[in-house]
Amino acid sequence: MPLVLRFLIPLAAGILASFYSDLSVSLTTIFIASAGCFVPLIFLKSSHHKLKNVWGALITLPLFFLIGIYIETNADQRNHSSYFENYVSRDSTTIFGITISGYPEITEKWVKSEIHVNSCNRQSTTGKSIIYLEKDSLSEQLQNGDQLILNAVFFPVSSPKNPHEFDYKTYLAHQQIYTQAFVKQGFWKKCGHQSGLLSSVLSIRKNCSDILDNSGLSVQNAAVAKALLLGDKEYISDDLMMSYSSSGTLHVLAVSGLHVGIIMLILNFLLQPVKRIKNGKYIFLALALSGIWFYTLLTGFTPSILRAAVMFSFVIIGKELQRDSTIQQSLLVSAFILIIIDPHILFQIGFLLSYLAVAGIVYFHPLIYNKLYFKQKWADKIWQLSSVSIAAQISTLPISIYCFHQFPNYFLFANLIVIPVSFVILILGIFALLVNAVPFLGDFSFYLLDKLIEFMNGSISVFDKMPFSVTKNLIIKWYDVLILYSVILFSYLSITKRSKQFLFTAAFTMSLFCISLWLNVHSNYSLNSITIYSSKGENRMDYFNQGTLISFKTSSEKSEEKKLSFHIYPNRQQTSFKTEPDTTIFLDLENALVEIENQKILFMSQHLADSVFTTGFPKTDYVYLYDISFLHSEFSEFLSEEKTPVILGDGVSYKLKNYLKKSNLQLVYHDLHQQGSITKSFY
């Protein structure tokens, strides 16, 4: 086992243990543990070389486990006395001094930005947060490095409101962000600008973005060019993003290892003459690393590009200095350093996919590539690219299915087109930006760029529209991921070691995976339950009954796909392996009472409340209020007497909510927006 891996495994285990169990240790504890572990080595004679190795291996496990706990605890900004929330005054106005970091995102109503909180009521502070400034002509012009003074209330990021919904709170916590604030016009002002390297490079990035907007590229092609060249995917349409995702080529639009690798190849080609001069190897290294890191800054210094830059920096250093280290060791060292710097990077899916993809290429590609031989160079190149795609897909498959619940069936064919074309687009795009001001040459370069991107988008669209282009709603548990990686590992060992024992072990673990899948399917298909969702602008209830999904909704209008995919689809996938219901029932005045398993739920809007006022309130087990601002006192008293639970859905006025909560009627109520969804199982 490589030495770095001996350190990396217990270090990662300590970080995970600390995050999920709130374990903490001090530096004193680590020093005492270190002394206790290393003292026996002093008394071991040189003849006990093997014993020294065994003891040395054993002490790294607890020691780096403790170090993992310490760095994870220390990385949590809330554990620092200077964290800005510790200075917030609850009794008076709090004035914050902040610096905008990153690249502000302009939405329909707000300008969203990550910030560093520098001061709180003139007290120097630390910590990160997110602010939403009301959109206007001033907020739209803000950029990285701008310093603001604002009057705001920071509140914790909300937990998920629906089952299996994306946990945005935990996602931000892994980036050391725990709060957010919404600031309206007049409650903030710009007071300066903090210039620096990142700010200067982002200014260059903004200029490049403006050049692409005015280059003659179509709107969609310009958006793709920004994603490929600058790492800005903000303007790509949802439909095109879905097409790239379904074809298994979304990685092309996310600036990461592929793009840094291409930049490295370009620099390696251009800087070859430098190696021939005296000390050229070191000059080459300095120029190549400078180029890689400038590109990293230009694309926004995002986590994915940062990981790739660190990874390839170690690879190119090891290669040029001709150290004994292999690419595997370079990868492990780069991962170790990134984890030490930011222990929460372990929780980022991009980090896992990046390193797993490269590891798959390093270990699996030679095995796959050597299985076939082609005399023709063009055929060999195609097979080489195909084997790389297959290797990367194998190593990332378990975690990709777990996170994205789909598999692109034509990924191999799509990547054969997209990867070479994206390579040319990246080179041509850089060239076009450099010669933009040159008459004819700049225009011609952008014309070619437009046609290439159009061809790539068209190819992706063809794959997306082909029958069975993607297998959706693939659901596995976290322990299934571990089992699948065990299958991959033992299969690899059985081939490389030519061992029947590893082959049998791989078959056994595969059988465990099949049993786990069967148990999961069986439990879901025997489920009988309802879920009432919390979703702004939506009133939805799903009934799951032995594999059948019936959806109830209060609006006949087509719902936004994005809203459904965020709030409702995850639970449907996990519970019934589908996103579209078998039957959809629209609830209106004539069809407002739903009876499921002898449980009656009345969906009551203002129109229904007014219409049944004269006929009397029907007997029901639950009342779901939506699009309502007034409830007759007789109804309130009836619900209180009958102890009928009230569910507050979307469109219930603040005045009515306040009345129901503060009245002396002792109503049992559940506010979906504040308390989240409701799930009730029937047995």
Side-chain angles (χ1 to χ4, degrees), residues 201 204-205 207-213 215-218 220-236 240-241 244 247-272 287-302 304-309 311-313 315-316 350 354 357-358 361 381 384-385 388-389 392 414-436 441-442 444-460:
V201 174
I204 298 174
R205 183 190 193 211
N207 292 334
C208 291
S209 180
D210 293 339
I211 290 172
L212 290 171
D213 285 333
S215 63
L217 297 174
S218 67
Q220 191 64 271
N221 290 350
V224 173
K226 289 179 186 178
L228 283 164
L229 297 167
L230 307 175
D232 184 5
K233 302 192 295 293
E234 181 182 353
Y235 302 102
I236 298 179
L240 187 59
M241 287 287 283
Y244 274 87
S247 63
T249 56
L250 188 59
H251 59 92
V252 171
L253 298 182
V255 175
S256 57
L258 174 66
H259 303 76
V260 178
I262 293 173
I263 294 297
M264 189 178 74
L265 290 175
I266 295 172
L267 291 171
N268 187 62
F269 174 76
L270 294 176
L271 298 174
Q272 278 299 318
L287 293 174
L289 292 176
S290 298
I292 287 174
W293 283 97
F294 178 80
Y295 180 72
T296 302
L297 287 168
L298 186 64
T299 51
F301 216 64
T302 58
S304 60
I305 195 71
L306 176 61
R307 289 190 301 267
M311 186 191 308
F312 279 101
S313 293
V315 169
I316 198 170
S354 295
V358 176
I361 293 170
K381 290 295 182 183
Q384 190 173 27
L385 182 58
V388 167
S389 296
N415 277 287
L416 283 175
I417 295 175
V418 169
I419 292 179
V421 173
S422 65
F423 182 90
V424 178
I425 288 174
L426 190 56
I427 296 174
L428 181 59
I430 294 172
F431 178 77
L433 289 173
L434 292 174
V435 300
N436 168 64
L441 185 59
F444 183 68
S445 299
F446 280 117
Y447 172 79
L448 291 178
L449 186 64
D450 191 44
K451 294 303 179 183
L452 269 176
I453 296 175
E454 188 175 332
F455 169 75
M456 185 172 71
N457 291 343
S459 302
I460 291 303

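Start at 1 with the first residue, then count along the sequence. All values below were derived from every heavy atom in this structure, side-chain atoms included, with hydrogens, water molecules and symmetry-related copies excluded.
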(message) Would Phe312 and Thr296 count as a side chain to side chain contact (heavy atoms under 4.5 Å, CB included) here? Give the steps.
(response) CA-CA 12 Å; Phe312 279 101; Thr296 302; over 6 Å; no
(message) Under the rule for side-chain contact (heavy atoms from CB on, under 4.5 Å), what residues qualify as partners of Leu441, not counting sequence neighbours?
(response) Phe431, Val435, Val438, Ser445
Side-chain heavy atoms of [X] within contact of [Y], under 4.5 Å:
X	Y	answer
Gln220	Ile453	no
Phe446	Leu449	yes
Val224	Met456	yes
Ile419	Ser389	yes

[atom2] on [Y] to [atom1] on [X], rounded to 0.5 Å:
X	Y	atom1	atom2	value
Leu433	Leu230	CG	CG	7.0 Å
Leu271	Ile266	CG	CD1	11.0 Å
Tyr244	Leu250	OH	CG	9.5 Å
Ile211	Leu217	CD1	CG	11.5 Å
Leu452	Leu428	CG	CG	6.5 Å
Ile417	Ser247	CD1	OG	10.0 Å

(message) For Asn415 and Leu385: C-alpha separation, side-chain torsions, deciding distance, then whether side chain to side chain contact (heavy atoms under 4.5 Å, CB included) applies.
(response) CA-CA 8 Å; Asn415 277 287; Leu385 182 58; over 6 Å; no
Nearest atoms (heavy-atom pairs only) where [X] meets [Y]:
X	Y	result
Leu228	Ser422	CD2-CB, 4.4 Å
Ala227	Ile236	CB-CD1, 3.6 Å
Tyr295	Leu426	OH-CD1, 4.1 Å
Ile425	Leu229	O-CD2, 4.5 Å

(request) Could you tell me which residues satisfy side chain to side chain donor-acceptor pair (under 3.5 Å) with Glu454, sequence neighbours excluded, listed by chain and number? (result) none
(request) Tell me, with the steps shown, if Asn221 and Lys451 meet side chain to side chain contact (heavy atoms under 4.5 Å, CB included). (result) CA-CA 9 Å; Asn221 290 350; Lys451 294 303 179 183; over 6 Å; no
(message) Just to verify, which of Leu267, Leu289, Asn268 counts as forming a side-chain contact (heavy atoms from CB on, under 4.5 Å) with Ile316?
(response) Leu289
